[in-house]
Amino acid sequence: MDATVEQHRGAKRRSDLGRSDRRSGYLMLLPALLIIGAITIFPILYSMYMSLNHVTLTQNGYLMSFNAGANYNILLHSPVYWYSVEFTVMYAVVTVIVELVLGLLIALAINNVQRLKNISLVIMLVPWALITVISAQMWGYIYNGVYGVLNYLLQSMHIIQAPITWLGTSSSAIIAMMVADVWKTTPFVVIILLGGLQMIPEEYYEAAYMDGANRWQSFWKVTLPLLRGSIALAGLFRILQAFGVFDLPFVLTGGGPGNATQSLAILGYQILFQDLQFGRGSAIAVSTVILVLVVCLVFLSAFRSIVKGGDA
Amino acid sequence: MKKLHKGATFAVAMLGLGSLVAGCGTNTGSNQASAPAPTTTTSTSKTVNFSNASGTIVWAAPPITHTGLRNTLIAEFEKQYPKIKVVLQNQSNSTNTNSASLSTAIGGGSSTPDVYMGDVIWPAQFAHAQLALPLSTILPSSFWSRFTNGLVQGATYKGQIYAAPFFADSGFLYYRKDLLQKAHLPVPTTWAQLKQEAQQLQKQGLVKYGFVWQGASYEGLTCDFTEYLADAGGSVLNAQGQPTIDSSQALKALTFMRGLITSGVSPNSEDTFKESQSMAVFDQGNAAFLRNWTYAWANSQNPSDSQVVGKVGVTVLPSFNGGSGYSSVGGWNLYVNPHSKNVAADLAFINWMTGKQAQTTLAVKYSELPTNASVATDPATQNASPVFKLTSKMHFVSRPDQTPNYPQISQALYSNVNAALSGTVSPSKALQDAQQQMKQAVSTSGGL
């Protein structure tokens with residue numbers, strides 16, 4: 001850890017390069033920065049601008065009239081919007097926690113087997129490699145209330161008597177969607193954590209063993225602290241994706257039943273592209289960005305304090 | 001008919017066999033009055049002569065009947081107009097997804113697709129957002145006389161015609177005549193009778209489910225619900241364009257629909273069914289009754305998809321008090337992209353597609369209701385499908401689609417009705433929520 005801290009300090013130190021050298025350096029960076037600006041910064045700023053306007057679609061493009069915070073005001077007073085926020089936050093928190101725990105367990109297991117490491121990695125990767133639209137359709141068949149495989153299995157094992165409509169009631173649809181998400185994205189967490197695990201030098205475990213630590217202690221004192229960077233990385237990626245979840249509910253439930261599985265992205269899509277309310281839809285997008293930033297900051301600071309507590 | 005508010009519905013009545021007459025309500029909702037008028041930049045242009053059109057155009061259309069209808073029509077058209085080539089752009093079967101992808105492409109200024117097949121509920125919204133060319137400015141008024149009365153009015157928004165009616169559609173009751181015969185039951189004419197007969201057939205072990213329809217959270221549920229609602233004497237919006245969905249009539253309709261599920265007449269998963277799912281259950285022989293559109297006839301008689309060929313009867317939808325119930329008006333129009341670079345070829349295509357040859361193919365081969373009046377009244381057409389002979393007996397109800405806010409109104413309707421069907425909320429709470437959301441949709445603050 002000390003080495004990385006030193007590197008960090010080194011980067012902050014004033015460069016020995018001369019002024020003209022620095023200027024030509026910036027010039028060389030310019031094309032890349034322009035491209036990044038054009039494809040990421042501009043759309044973000046533009047949708048922020050749109051979110052502050054009443055936007056009408058015309059034959060010659062958008063017609064904007066500034067309406068200050070009217071779009072946001074509508075959002076704040078909309079129960080449909082607040083339900084979407086609630087659902088998305090709940091969905092993200094539950095799936096990310098389950099995936100991190102499950103992913104860590106699987107990564108530890110795979111890291112400890114010698115013979116079938118590669119094959120188990122490949123098998124793990126299959127769900128992650130499948131396109132979500134296709135895997136969501138597949139889960140749709142599994143959950144189907146009339147000819148679904150899940151009902152068939154449970155019925156033939158006499159666990160349930162009559163077929164259950166998994167996607168037809170709100171609580172079971174939400175759980176069904178979470179299961180499909182965990183199935184698909186846990187492998188991603190496994191890959192990241194496995195990478196982290198393999199970077200931990202064997203000597204640390206030997207040293208811990210010499211000091212008389214049992215496996216449980218060496219997991220808490222060696223593995224987990226050294227893995228925290230990887231866990232934070234996997235967690236952040238998952239939070240970002242979970243907040244933008246669109247394809248899974250779009251195919252699996254269409255946001256239903258009612259609007260039980262209507263994530264912020266689904267709601268934004270509906271307002272933007274079905275209702276053609278571009279101002280309001282952009283306001284949903286911008287509010288989602290702010291929400292994600294806040295959640296990521298909370299996650300990082302909470303995570304830091306938890307792991308530090310474990311360190312001491 | 002008198003029960004229906006004028007502004008909320010545009011009622012349609014069938015006069016002759018297959019001749020559709022739509023009386024469009026005078027919708028003067030405040031929401032519409034306050035909406036900015038679309039700038040009709042093309043209103044000064046003259047009619048376009050398309051007799052010598054040439055080039056390539058792109059036609060965007062969802063798979064209508066899944067049986068090769070689109071390519072058959074394109075091939076016939078290209079034979080007639082060898083100088084024009086039509087490229088088919090496949091669209092989503094879901095009307096919501098279809099409209100989203102088209103409005104993204106055209107709103108973004110894309111010149112393709114040149115011609116697109118769009119739902120009959122789109123003219124107001126698409127005209128308002130200038131996603132469709134006002135065809136009445138470039139086609140002579142004589143062009144529109146070929147269509148069955150009322151259809152053109154449905155494609156009109158603020159005095160301009162935005163689309164050419166391509167084929168009409170409506171809801172029907174399909175039933176298993178072999179099962180009814182076996183149990184010595186008559187064809188039901190009331191909803192209560194349908195429910196009771198279905199239960200009897202289920203009890204005797206003749207069939208797994210009684211009645212399947214469209215209950216998923218999407219536009220199709222708005223159609224199904226509107227039928228029960230009109231039959232119960234209710235409406236979605238009143239003449240002033242204000243929501244009237246929190247009514248005792250709507251409660252009667254919704255309570256009955258939910259009762260179909262709780263009584264086991266309809267499967268538990270009914271609230272996830274779109275057309276294809278409900279038709280699959282029926283075609284597999286697992287349901288006694290099916291509510292579906294015109295094309296379900298052809299589909300149920302296709303041996304490769306259906307195990308009930310020759311066992312199916314079709315009739316008008318039942319009602320609460322006997323007599324024929326109400327059927328939603330659906331169907332598809334042909335629209336032109338305002339950015340299209342080859343309007344002459346677009347018009348030649350639309351002219352042919354709504355002409356005798358294409359409309360006869362549509363009706364005879366694919367059992368879709370033709371919009372061309374001379375084809376619709378032709379006895380040869382009427383014999384093509386038993387569905388066509390029913391249209392004179394039917395009562396029609398339209399969705400309140402004469403306002404650009406229709407998508408939000410429909411969303412408020414189908415998502416809350418779907419929540420009640422799933423048992424998440426009570427029917428009365430669902431209607432209160434729908435009323436609340438519709439109020440926001442029609443007020444100046446718009447949807448959400």
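Below, read A as the first sequence line, B as the second, and so on, with proteins coming before strands; counting in each chain starts at 1.
When the shell of 6.0 Å around CD1 of A:I39 is examined, it contains more than 12 heavy atoms from other residues, nucleotides or ligands.
Here the closest heavy-atom approach between residue B:P407 and residue A:D275 is recorded as CB-OD1, 3.5 Å. What you find for B:S422 and A:G168 is that their closest heavy atoms are CB-O, 2.7 Å. Shown here for B:T424 and A:S170, the closest heavy-atom pair between the two residues is CG2-OG, 3.1 Å. When every heavy atom of B:Q440 is checked against every heavy atom of A:H77, the shortest pair comes out as NE2-O, 4.1 Å. Listed here is the closest heavy atom pair of A:T165 and B:D271: CG2-OD1, 3.9 Å. Pairing each heavy atom of A:L276 with each of B:A129, the nearest pair is CD1-CB, 3.7 Å.
Counting heavy-atom pairs closer than 4.5 Å to chain A, the top-ranked of the candidates B:G108, B:A280, B:A419, B:S269 is B:S269. Comparing B:S94, B:G107, B:S217, B:A100 by heavy-atom pairs within less than 4.5 Å of chain A, the highest count is held by B:A100.
Of the atoms belonging to A:Y62, not a single heavy atom falls under 4.5 Å from chain B.
Using a 4.5 Å heavy-atom cutoff, the side chains of A:Q274 and B:Q411 are in contact. Side-chain atoms of B:T97 and A:Y269, non-hydrogen and from C-beta on, do get closer than 4.5 Å to each other.
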